[in-house]
Protein chains: 2
Amino acid sequence: MSTDTMTIREMCDAYGVTPRTLRFYEAKELLFPIRQGSRRLFTRSDRARLKLILRGKRFGFSLEDIRQLLDLYNPQSQNLAQMKRAFVLGQERLNDMIRQRDELNIAIDDLRQQLEWGESHITDLTNPQKTAAE
Amino acid sequence: MSTDTMTIREMCDAYGVTPRTLRFYEAKELLFPIRQGSRRLFTRSDRARLKLILRGKRFGFSLEDIRQLLDLYNPQSQNLAQMKRAFVLGQERLNDMIRQRDELNIAIDDLRQQLEWGESHITDLTNPQKTAAE
DNA sequence: CGTTACGTTTACGTTAACGTAAACAAATCT
DNA sequence: AGATTTGTTTACGTTAACGTAAACGTAACG
């Protein structure tokens with residue numbers, strides 16, 4: 001309670017990221033740690049943002065997308081238009097992911113067939129007498 | 001039958017790739033077009049290889065993986081060990097793809113929930129009287 | 001006071017698969 | 001023949017998200 005801020009290392013340990021990553025996110029204006037001299041102190045707010053960043057990444061958003069989306073959680077932009085834009089962005093991402101998954105499923109089935117084909121081929125090669133007999 | 005070879009442009013049109021791509025594949029030793037002077041002439045063999053390359057890409061193989069796999073279709077390497085290696089490579093790729101798909105499915109479900117949440121939020125904002133009444 | 005740990009800034013390196021541009025040659029169309 | 005098309009080589013540029021290294025400050029430990 002007394003120390004509501006965390007050092008860079010504490011952050012790294014807490015969220016499984018490297019210092020480089022946190023500095024990178026700051027450079028990209030995704031985080032805004034307090035500066036005490038040259039050191040960074042990450043606030044509660046930074047931690048909330050970092051959680052959202054990591055979640056966004058799991059969703060497959062780019063950091064630039066995430067930066068835009070983070071503004072929504074910023075009290076400054078209580079803007080319906082932007083809100084909807086973000087919502088649309090999410091929908092688009094969802095569609096992308098579904099399409100990707102479907103393509104993956106096709107490729108998986110396709111590859112499965114190829115492998116079955118290859119498997120019998122290899123088994124033949126492993127039992128030369130049968131292959132030779134043919 | 002008389003012209004069993006194709007120019008670079010014919011190849012591009014036939015397979016939907018750019019000249020740069022074909023030269024790149026040659027540089028990476030995935031294709032071996034005949035050289036007539038400085039011009040490239042792509043043979044039947046090159047076309048077969050290109051088909052496999054494109055299929056491999058759809059499967060998510062890297063070009064380097066594909067280069068290795070292409071050696072299997074080369075009469076030189078009628079090698080069981082290599083054959084099995086390629087087979088294993090295929091299995092691994094398949095496992096990767098299945099894992100990716102499963103992760104995607106999780107992310108999709110997850111994102112769907114977030115969006116439902118967001119949708120009601122936006123609907124609320126669009127009907128201020130209901131939100132204000134709460 | 002030396003060393004070890006942790007922090008900083010700056011900037012180049014990495015990976016994949018080509019894209020793009022420059023500068024030129026050869027062949028074909030008109 | 002001039003212009004257009006198609007080709008060539010060489011080499012730097014692109015994108016994302018950091019990794020890695022250099023060169024340095026500072027702060028606590030023993």
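A, B, ... follow the sequence lines: proteins, then strands. Residue 1 opens every chain. All of these numbers come straight from a predicted model, not from anything done at the bench.
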| field | Proximal nucleotide (of D:dT8, C:dT8, D:dC18) relative to the A:K57 side chain | value | D:dC18
| task | List in numerical order all residues of residues 15-27 of chain A for which some heavy atom is under 4.0 Å away from an atom belonging to DNA chain D. | result | A:T18, A:R20, A:T21, A:F24, A:Y25
| task | Give a yes or no answer on whether the side chain of A:D13 reaches the backbone of A:E10 with a donor-acceptor pair at less than 3.5 Å. | result | no
| task | Figure out the CG/C1' separation between A:L31 and D:dC18, and round it to whole Å. | result | 14 Å
| field | Pair B:R67 + B:E64: basic N to acidic O under 4.0 Å | value | yes
| Side-chain donor/acceptor of A:R49 to backbone N/O of A:L30, under 3.5 Å | yes
| query | Quick one: A:R40 CZ to D:dT26 P, roughly how many Å, whole number? | reply | 16 Å
| query | Would B:F42 end up clustered with B:F32 when hydrophobic side chains under 4.5 Å apart are linked, directly or stepwise? | reply | no
| field | Atom pair distance, as rounded to whole Å: CZ in B:F61 and P in C:dT15 | value | 21 Å
| message | Using whole Å, what does the distance between atom C1' of nucleotide C:dA26 and atom CD1 of B:I8 come to? | response | 15 Å
| query | Between B:S62 and C:dA17, is there a side-chain N or O to OP1/OP2 distance below 4.0 Å? | reply | no
| message | Check the phosphate of D:dG7 against B:T7, side-chain N and O only, distance under 4.0 Å to OP1 or OP2. Yes or no? | response | yes
| query | Nearest-Å distance, CD1 (A:I53) to P (D:dA16)? | reply | 16 Å
| What's the CZ-C1' distance between B:R35 and D:dT8, to the nearest Å? | 8 Å
| task | Taking the side chain as every heavy atom from C-beta outward, state whether B:L22 and B:C12 have any pair of such atoms under 4.5 Å apart. | result | yes
| request: Specify the separation, in whole Å, of atom NZ of A:K28 and atom C1' of D:dT15. | output: 10 Å
| task | Could you work out which one of D:dC18, D:dT6, D:dT26 sits closest to the side chain of B:R9? | result | D:dT6
| message | Can you tell whether the side chains of A:D65 and A:K57 come within less than 4.0 Å, N to carboxylate O? | response | no
| salt bridge (Lys or Arg N to Asp or Glu O under 4.0 Å) evaluation trace for B:R47 with B:D4 | CA-CA 11 Å; B:R47 295 196 289 278; B:D4 204 10; 3.6 Å; yes
| task | Using whole Å, report how far CD of A:E10 lies from P of C:dA5. | result | 18 Å
| task | Return the nearest nucleotide to the side chain of B:L63; candidates are C:dA17, C:dA27, D:dA27. | result | C:dA17
